[in-house]
Amino acid sequence: MEKALIVVGILLFLYFGLKKLEVKSFGTRNKLEFENIYEFEGFRMNYRTLGEGAPVVLLHGSMYSPPWDGFENKLAEHFKVYTPDMPGFGGSEPIDGHVHNTDLFADAFCEFIKSEDLQESPIISLSLGTVVSAKSASQGCIKGKLMFVGAPSKVSGITTKLLQVTPLSVRRIIVSTRWGKDKLLIPSLNSNIGSKNKEDNSDFIRDLETTDPRSIVDINYLREINIEFPESLKKVDNEIVYIYGENDTQKDEVSFLTKDFIQIDGAGHNIFSSKPDQLLKKLLELLK
């Protein structure tokens with residue numbers, strides 16, 4: 001009996017110690033300032049607007065919220081551009097007590113779309129943002145054209161699988177550290193999009209620090225991309241255009257999503273950064 005109590009005591013100590021470290025990890029984020037606010041689940045979400053004219057929405061992917069590298073300014077020369085931050089990204093607050101996955105992001109995105117009356121507006125989304133867009137459209141809150149840039153088709157790899165089987169609290173703690181971002185998260189991402197690992201990831205890590213750890217690692221990439229994404233697309237009636245960079249390995253598995261896509265030569269996964277002018281030209285053709 002005494003040994004059993006000792007074991008229970010140790011387990012409780014480890015559990016509450018882990019939870020304390022988990023909560024502490026949330027404070028590692030360098031949250032961006034609010035620009036415009038809409039509310040979701042009682043928390044403040046951030047979005048930006050640029051330019052004038054017909055509205056277009058840019059929806060970021062996973063990891064961090066401003067992956068556009070100035071592309072949003074180029075697009076704003078032709079349209080009024082909206083760039084919302086999903087919960088825990090950029091300037092938006094995380095939703096305490098919730099798992100930060102694509103279901104939560106889709107609900108938040110629908111709330112944003114309704115709050116700004118953008119139901120008929122075209123949505124340009126990047127990477128995991130395409131999953132969020134598809135889930136939002138399957139709920140009926142988006143009626144406009146969907147332009148999927150670098151839509152994920154298959155996630156795999158030992159590091160990715162290892163992260164997914166790690167308990168959620170532990171994942172949050174690991175990814176809140178510089179080591180976890182540098183040695184686990186970034187290599188896992190690069191292996192799935194065909195990018196080479198760099199010796200110095202300082203710039204990328206700085207960008208990642210604007211995102212709450214929950215919004216980075218709560219997503220079950222294997223399930224939400226490999227299974228839920230294609231299932232959501234079956235419920236979507238919107239016109240969808242797929243765009244991939246020539247060097248994005250995600251296009252190699254895209255046949256079960258679509259048989260037709262636009263390729264931007266010389267571009268990587270984030271075409272907004274690698275070939276912005278070529279992408280802008282193609283998007284202007286599609287939007288006009």
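In what follows, residues are counted from 1 in the order of the sequence shown. All values derive from a computational prediction rather than experimental measurement.
- Legend: salt bridge (charged side-chain N to carboxylate O under 4.0 Å, His left out) pairs involving residues 64-91, not counting sequence neighbours, sorted by first then second residue: R48-D85, K74-D277.
- Counting all heavy atoms, side chain and backbone alike, Q250 lies closest to N192 at NE2-O, 2.6 Å.
- Rounding to the nearest 0.5 Å places CD1 of I240 at 9.0 Å from CG of L257.
- Once rounded to the nearest 0.5 Å, the distance linking CD1 of I271 with CD of E246 reads 10.5 Å.
- A salt bridge links E228 with K135; the closest basic N to acidic carboxylate O contact falls under 4.0 Å.
- In this structure, CD1 in I216 is found 9.5 Å from CZ in R29, a value given to the nearest 0.5 Å.
- Taking the six-membered ring for Trp and thresholds of 30 and 60 degrees, Y38 and F112 have ring planes inclined between 30 and 60 degrees apart.
- At least one cation-pi condition fails for K275 and F272: the charged atom is not both under 6.0 angstrom from the six-membered ring centre and inside a 45 degree cone around its axis.
- Listed by chain and residue number, nothing satisfies the salt bridge (Lys or Arg N to Asp or Glu O under 4.0 Å) test with K181 (two or more places apart in sequence, or in another chain).
- Atoms OG and CG, on S62 and L189 in that order, are 6.0 Å from each other to the nearest 0.5 Å.
- For the ring-ring contact (aromatic ring centres under 6.0 Å, His included) criterion with H60, the lone passing option out of F71, F89, Y82 is F89.
- A tilted orientation is assigned to the rings of F148 and F229, their planes being inclined by 30° to 60°.
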